[in-house]
Amino acid sequence: MNRSDPKKFRIKSFGCQMNVYDGERMSEMLVDQGMSSAGDGEDADLVVLNTCHIREKAAEKVYSDIGRLRDKDGNSPMIAVAGCVAQAEGKEISRRAPSVDIVVGPQAYHRLPGLIDRAKTGKKALDTDMPAASKFDVLPTRKKQARPTAFLTVQEGCDKFCTYCVVPYTRGAEISRPWSDLVNEAKALVDGGVKEITLLGQNVNAWTSEDDKGQMQGLDGLIRALDHIDGLERIRYTTSHPNDMTEALIAAHGEISALMPYLHLPVQSGSDRILKAMNRSHTTESYLGILSRMRKVRPDIAISGDFIVGFPGETDADFEETLAIVREANYAQAYSFKYSPRPGTPAATMEDQIAPDVMDERLQRLQSLLNEQQHDFNRTALGRQTDILLERNGKLDGQLVGKTPWLQSVHIIAPELAIGDMVDVTIESAGPNSLQGKVTRREAA
Ligand code: SAM
Ligand code: SF4
C-alpha cells in the first residue's frame with residue numbers, strides 16, 4: 001500500500017540526553033525538508049520513536065508505544081523507529097511490529113528523508129549502517145532555538161565495554177567530533193538564542209581533537225574556547241568516565257566561571273570486586289581521589305553519579321560498600337538502577353544473577369540514602385543568593401522555573417519575566433526535588 005507524503009511529524013525521544021539531541025537534529029532536518037512539527041493535540045502523519053536500549057523496560061516500551069499509535073480502525077501514521085533499539089533489534093522490529101515502516105539506527109538518521117521516500121512506496125525501509133562518513137557533515141546548521149539551553153554532542157560511542165552495557169554495540173566505537181565543527185555549532189546555537197550549552201558524550205571527557213592551530217586538545221581546551229563565545233553564559237558537560245578525568249579538566253573548574261559547578265561522574269558500585277567484574281577499570285579509591293581533587297579547586301561543586309544494584313554476584317557486603325561510598329562521596333543528586341541483563345553482554349550470562357526481591361530491597365535502601373543527601377544539599381541553598389536561568393513556565397499563574405549553577409530547579413513567581421532571562425534570586429525554601437526563590441535582581445537587558 002502506498003503511503004501519502006507526510007507533512008506533519010512528531011518525534012518522541014526516550015532515554016539519555018544524546019537521544020534528545022538526536023531528536024532535535026532529526027526535527028531540524030525534517031523541517032529543512034519542508035515538513036512541520038505537529039503541535040499539541042494535532043495529528044502527525046509521521047511519528048519517530050527515538051528509542052533507548054539501555055535497560056529491558058526501556059527497550060520493551062517501544063512495542064507498547066507502537067500499538068498505541070493505531071486508531072480504532074487499525075490505521076496508523078507512518079512510523080519510524082530510531083535510536084538504540086533500532087540498532088540492536090533491526091529487522092526483528094518489523095517482524096514483531098508490522099506497522100513499523102522505517103527502522104533507522106543512531107548513526108544513520110541523516111538518511112531519514114530517503115527512507116521516508118522508500119516508505120511512501122509501501123516498502124519497508126531499514127538502515128542500521130554505521131557509515132564511515134559522519135552524519136554531522138550532512139545535517140543542516142543549527143537554527144533559532146526554542147529554549148535558552150541546548151545540548152551539543154561532542155563525542156559518541158564507547159570502547160570501554162563495561163560487562164553490563166549495550167552502548168558499545170548500539171552506538172559503535174568511540175569518536176570525537178572535530179574542533180571547528182563544535183566551535184561553529186556552539187556559535188550557531190548562541191546566535192539562535194542559547195545561553196547555556198551542555199556538551200554531551202557517552203564518555204564526554206574522552207573527547208580529544210586537534211584545534212585550529214593543529215594542537216591536540218582535550219575537553220578542557222574545548223571548554224576554554226567556548227568560554228570566549230560572546231553570549232554563552234553557562235557551560236556544562238556530561239557524562240564523564242572516571243578514567244578520562246584529566247587534571248587539566250579538574251583545574252578548569254577552578255578557573256572558568258562559565259563552567260558550572262556540577263560533575264556527573266558515575267561510579268556504579270562501591271565494591272572494588274564488583275567494579276572489576278563490571279570491567280570498570282577504576283577503583284573506589286581512584287574515584288574518591290578525583291572527587292577530593294575536584295573539591296579542592298571548586299569546594300561548592302555538586303557531585304552526581306550513577307549506580308547499578310544487583311549486578312551478578314553482588315553480596316550484601318558488596319552492597320554495604322556501595323552505601324559506604326555514597327556516604328563518603330555525599331551526592332547532590334544521583335541516578336540508581338536495578339541491573340538489567342542485556343542480550344549479547346558478558347554479564348547477562350554470568351552466574352549468580354541476583355533475585356528481583358533482593359534488588360528491589362537494595363534499590364530502595366540506596367535511593368532513600370541518595371534522596372536524603374539530595375534534600376540536605378538543597379537545604380544548604382536556603383538564604384543563598386544565586387543566579388538562575390529561566391527555562392520553562394511553571395504550573396501556577398506567573399510562575400517560571402529556572403536552574404541554579406548546581407542544576408537545581410527553582411520556582412519563582414515573576415509574571416514580568418520571560419524564559420531565557422537570567423535573574424538573581426534568594427532561595428526561600430528547599431524541598432527534596434526543587435527550590436523556591438524570590439527575585440532580587442534581573443540582568444541588564
Ligand atoms: N558512559 C557512562 C559511564 O560509564 O558512566 C554511562 C552511560 S550509560 C548510557 C548510563 C547509565 O545506565 C550507566 O551509568 C549505568 O548506571 C546504567 N546502565 C547501563 N547498563 C545498564 C544495565 N544493563 N542495567 C542497569 N543499568 C545500566
Ligand atoms: Fe556503557 Fe561503560 Fe561505555 Fe559507560 S563506559 S557507555 S557504562 S560501556
Side-chain angles (χ1 to χ4, degrees), residues 13-22 50-60 83-85 87-88 106 151 153-176 198-207 219 237-245 263-271 274-282 284 286-287 290-291 303-314 322 325-326 329 331 333-350 353-354 356 359-360 362-363 366-367 370:
S13 289
F14 305 91
C16 66
Q17 291 146 323
M18 297 186 74
N19 262 10
V20 175
Y21 174 85
D22 289 341
N50 192 18
T51 59
C52 172
H53 198 248
I54 201 87
R55 284 169 290 275
E56 188 183 359
K57 233 185 181 162
E60 282 303 308
C84 291
V85 177
Q87 191 65 40
F151 293 131
T153 292
V154 303
Q155 180 279 330
E156 281 202 295
C158 180
D159 296 337
K160 298 209 164 43
F161 291 93
C162 298
T163 52
Y164 51 80
C165 185
V166 289
V167 168
Y169 312 96
T170 56
R171 290 267 173 176
E174 207 165 280
I175 63 119
S176 291
T198 302
L199 307 176
L200 296 182
Q202 254 90 31
N203 293 298
V204 69
N205 54 343
W207 179 87
L219 193 67
Y237 62 94
T238 196
T239 292
S240 295
H241 192 285
N243 278 12
D244 296 315
M245 206 67 214
L263 174 67
H264 181 62
L265 192 68
V267 65
Q268 314 298 354
S269 167
S271 154
I274 294 296
L275 288 178
K276 198 154 184 242
M278 287 176 164
N279 192 32
R280 283 294 291 178
S281 62
H282 59 79
T284 50
S286 63
Y287 178 85
I290 295 167
L291 300 195
I303 302 294
S304 162
D306 288 352
F307 293 88
I308 297 177
V309 300
F311 184 81
E314 184 188 71
T322 295
I325 202 172
V326 170
Y331 290 92
Q333 191 268 341
Y335 302 93
S336 46
F337 314 100
K338 284 187 273 187
Y339 167 69
S340 171
R342 307 307 296 126
T345 60
T349 50
M350 283 179 185
Q353 299 283 327
I354 304 299
M359 283 206 229
D360 283 338
R362 287 180 187 166
L363 188 67
L366 174 61
Q367 288 188 337
L370 289 168

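Fair warning: this is a prediction, and the values are worked out from it, not measured in the lab. Whatever order the structure lists them in is the order used to number ligands and atoms, beginning at 1.
- No side-chain heavy atom of N279 sits under 4.5 Å from any side-chain heavy atom of K160.
- Below 4.0 Å from some heavy atom of Y339 lie the following atoms of ligand 1, by number and element: 24 (N), 25 (C).
- Applying the 4.0 Å criterion to heavy atoms of P266 picks out, from ligand 1, the atoms 5 (O).
- Geometrically, ligand 1 and Q202 share a nitrogen or oxygen pair separated by less than 3.5 Å.
- Between S340, P168, G305, P341, it is S340 that holds the heavy atom closest to atom 23 (N) of ligand 1.
- Counting only heavy atoms from C-beta outward, the side chains of H53 and Y169 never approach each other to under 4.5 Å.
- Residue-ligand proximity, C162 to ligand 2, at heavy-atom distances under 4.0 Å covers atoms 2 (Fe), 5 (S), 7 (S), 8 (S).
- Side-chain polar atoms of Q367 and S336 form a donor-acceptor pair below 3.5 angstrom.
- In this structure, OG in S240 is found 7.0 Å from CG in L219, a value given to the nearest 0.5 Å.
- Which of H53, R280, R55 comes nearest to atom 27 (C) of ligand 1 through a heavy atom is settled by distance: it is R55.
- Atom numbering of ligand 2 starts at 1 in the shown order; those under 4.0 Å from a heavy atom of H241 are 5 (S).
- Under the 3.5 Å distance criterion, with hydrogens and angles disregarded, a donor-acceptor pair is assigned to the side chains of Q333 and S304.
- At a distance under 4.0 Å, a protein heavy atom can be found next to atom 21 (C) of ligand 1.
- Of the candidates T345, V166, N243, V167, the one placing a heavy atom closest to atom 6 (S) of ligand 2 is V167.
- When heavy-atom distances to ligand 2 are checked against a 4.0 Å cut-off, P168 comes that close only through its side chain, counted from C-beta outward.
- Aromatic ring centres of Y237 and H264 lie farther apart than the 6.0 Å criterion allows.
- When heavy-atom distances to ligand 1 are checked against a 4.0 Å cut-off, F337 comes that close only through its side chain, counted from C-beta outward.
- Taking the ring centre of F337 as origin, the terminal cationic atom of R55 falls inside the region bounded by 6.0 Å and 45° from the ring axis.
- Here the CG atom belonging to L200 is positioned 4.5 Å from the OG1 atom belonging to T153, to the nearest 0.5 angstrom.
- Ranking the protein heavy atoms by distance from atom 9 (C) of ligand 1 puts I54 CD1, 3.4 Å first.
- Interatomic distance, CZ of R342 versus SG of C84, reported as 10.5 Å (0.5 Å rounding).
- Looking only at side-chain heavy atoms (C-beta outward), S271 and E314 stay at 4.5 Å or farther from each other.
- Here's the thing with H241: none of its N/O atoms is less than 3.5 angstrom from an N/O atom of ligand 1.
- Separating the OG1 atom in T198 from the CZ atom in F151 is a distance of 5.5 Å, to the nearest 0.5 Å.
- Atom numbering of ligand 2 starts at 1 in the shown order; those under 4.0 Å from a heavy atom of Y164 are 7 (S).
- Among protein heavy atoms, the minimum distance from atom 1 (Fe) of ligand 2 is reached at C165 SG, 2.3 Å.
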Open item on the list: The test is side chain to side chain contact (heavy atoms under 4.5 Å, CB included); show your working for I175 and Q155 and say whether it passes.
Closed with: CA-CA 6 Å; I175 63 119; Q155 180 279 330; over 6 Å; no
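- For residue C158, no N/O/S atom approaches atom 1 (Fe) of ligand 2 to within less than 2.8 Å.
- K338 counts as a contact of ligand 1, since one of its heavy atoms falls under 4.0 Å from the ligand.
- Neither the backbone nor the side chain of T239 has a heavy atom within less than 4.0 Å of ligand 2.
- Where the criterion is an N or O separation shorter than 3.5 Å, residue side chain and backbone included, D306 meets it with respect to ligand 1.
- Atom CG of D244 and atom OG1 of T239 lie 12.0 Å apart (nearest 0.5 Å).
- Other residues, nucleotides and ligands contribute only 12 or fewer heavy atoms inside 6.0 Å of the CD atom of E56.
- Residue Q268 has at least one nitrogen or oxygen atom sitting less than 3.5 Å from a nitrogen or oxygen atom of ligand 1, judged on distance alone.
- Polar contact check, R342 against ligand 1: no nitrogen or oxygen pair lies under 3.5 Å apart.
- Residue contacts with ligand 1 for N203 involve side-chain atoms from C-beta outward but no N, CA, C or O (heavy atoms, distance under 4.0 Å).
- The closest protein non-hydrogen atom to atom 6 (C) of ligand 1 is T239 CG2, 4.2 Å.
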